[in-house]
Amino acid sequence: MDIAERFKANPILRPSDIKPSLEDMKIECLLNPGAFRFNNKTWLLCRVAERPPQNEGSMQVPVFTNKGEIEIKTFYLNDPDLDASDPRVIIYKGVNYLTTLSHLRLVCSEDGIHFYEPDGFKPLFGEGPLESYGIEDCRVSTFEGGYHLTYTKVSSVAVGVGYMFTEDWKSFDRRGMIFPPHNKDCAIFDEKVNGKYFALHRPSSPELGGNFMWIAESPDLWHWGNHKCIAVTRPAMWDSARIGAGAAPIKTSEGWLEIYHGANKENRYCLGALLLDLNEPWKVLARSKDPIMEPIMDYEKTGFFGNVIFTNGHVVEGDRISMYYGASDEVICGAHLSIKQILDSLKH
Ligand code: MAN
């Protein structure tokens with residue numbers, strides 16, 4: 001099933017639409033944007049994944065050094081110690097490296113469809129040892145007069161969730177890692193519930209458990225506790241291998257509506273929905289049996305990593321969700337969804 005109305009202009013942003021951060025880098029993927037409204041415009045905080053142009057027979061992989069400079073590591077494809085079977089990650093002598101280095105870049109739009117890079121807004125790069133493999137997939141929650149950013153911090157020692165705060169998108173208060181490894185896909189609710197902040201997050205438990213969705217609460221956005229697992233993967237279904245939150249849940253009269261991604265063992269990423277109780281958001285009232293959106297278009301089926309629809313950003317106006325998503329881990333697309341239609345789909 002697929003109830004998304006894709007933008008006719010899809011893909012709305014491709015790697016060739018923006019300039020690399022350095023002359024000797026190439027943008028391979030422009031993907032997974034956070035979305036928000038600011039200055040009467042729609043903005044996306046895009047993930048830009050870069051690497052140097054590749055030479056035949058080897059792979060050139062960028063990482064940040066402790067001094068914030070980019071170091072290029074070279075691996076030879078005929079080296080028996082190299083596992084390069086996944087285009088996103090390589091393993092060399094038991095150590096994982098990402099094939100690209102991601103930073104975050106702002107684009108804005110008057111109509112929510114045609115985006116451009118505005119002057120005067122700087123990209124956000126990884127900083128320090130816990131971001132030496134970059135920063136990725138930022139959710140932007142809007143409340144209390146500011147923007148609350150939750151994103152993936154990647155390094156050789158960890159994949160965890162970072163938090164930063166901004167009011168003007170020019171200065172950022174980076175507050176470090178709020179959910180330790182292995183954790184990603186964190187979205188903070190846009191308002192408090194019974195006086196507390198809530199966040200969805202996705203720890204991974206490799207031996208016992210899996211890649212499940214959890215919820216945590218906090219008095220101050222810094223100390224998070226009372227963690228609860230709210231949804232697990234479902235054997236033999238489209239979300240059998242991993243699930244993770246999209247952007248902040250949408251408040252509806254029936255509950256908090258969360259659009260989440262689910263992947264199966266073949267790494268096919270679809271979207272579904274969860275409905276959470278308004279007052280006790282750790283209680284799941286309903287969950288999609290079938291996906292509400294799945295990779296069916298060419299740009300969703302083929303690309304850097306095909307068969308992927310991944311969302312972490314949307315803008316809501318009345319019943320209409322303008323949802324932005326990464327397709328095939330390579331380009332940015334948009335789709336409209338109706339809240340009512342998603343809620344109806346949960347009743348079957
Ligand atoms: C997975 C994928 C990649 C991502 C890494 C690190 O391999 O989601 O896109 O870069 O994790 O988070």
Side-chain angles (χ1 to χ4, degrees), residues 15 25-34 45-51 59 61-64 70 73 82-92 94-105 124-126 129-139 149-163 177-187 201-206 210-213 233 239 241-246 260-271 295 300 302-313 325-332:
M25 289 287 248
K26 179 175 178 246
I27 299 176
E28 297 287 350
C29 322
L30 185 58
L31 69 168
N32 306 0
L45 183 59
C46 310
R47 170 176 168 195
V48 181
E50 302 173 308
R51 66 179 167 198
M59 289 185 89
V61 170
V63 297
F64 279 125
I70 290 177
K73 292 188 182 288
L82 179 72
D83 176 354
S85 52
D86 187 322
R88 305 166 302 173
V89 204
I90 57 174
I91 307 168
Y92 187 69
V95 181
N96 286 281
Y97 299 89
L98 295 184
T99 55
T100 56
L101 183 61
S102 291
H103 67 274
L104 305 175
R105 198 90 70 90
L124 289 163
F125 292 102
L130 293 181
E131 299 180 356
S132 58
Y133 287 7
I135 54 177
E136 307 178 346
D137 305 348
C138 191
R139 278 78 176 166
L149 281 55
T150 47
Y151 62 97
T152 310
K153 291 159 84 81
V154 199
S155 69
S156 61
V157 296
V159 172
V161 176
Y163 169 79
M177 192 178 276
I178 54 168
F179 291 104
H182 183 286
N183 206 313
K184 46 166 63 172
D185 301 325
C186 174
H201 64 107
R202 209 286 298 283
S204 292
S205 181
N211 301 300
F212 303 157
M213 276 171 71
T233 50
D239 52 3
R242 52 187 64 240
I243 52 175
Y260 74 96
H261 66 264
N264 62 13
K265 301 272 181 304
E266 287 72 48
N267 280 319
R268 182 171 189 263
Y269 281 70
C270 300
L271 301 182
E300 296 162 353
T302 45
F304 186 79
F305 193 73
N307 280 320
V308 171
I309 289 183
F310 184 100
T311 187
N312 50 295
Y325 65 99
S328 290
D329 270 3
E330 184 171 325
V331 292
I332 292 175

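We count ligands from 1, going down the list as the structure has it; atoms in each ligand are counted the same way.
T99 places a side-chain N or O within donor-acceptor distance of the main-chain N or O of P87, the cut-off being under 3.5 Å. Side-chain N or O atoms of N211 include one that pairs as donor or acceptor with a backbone N or O of A241 at under 3.5 Å. The backbone N or O of G244 lies less than 3.5 Å from a partner atom in the side chain of H261, making a donor-acceptor pair.
Within the set K153, R47, R88, the minimum heavy-atom distance to atom 2 (C) of ligand 1 is found for R88.
Taking distance alone, with nitrogen or oxygen atoms compared against 3.5 Å, E136 approaches ligand 1 more closely than that limit. At a 3.5 angstrom cut-off on N or O pairs, K184 counts as close to ligand 1.
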Given side-chain contact (heavy atoms from CB on, under 4.5 Å), test E50 with T100 step by step and report yes or no. CA-CA 5 Å; E50 302 173 308; T100 56; 5.9 Å; no
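With ligand atoms numbered from 1 in the order given, ligand 1 contributes 7 (O) to contacts under 4.0 Å with heavy atoms of V89.
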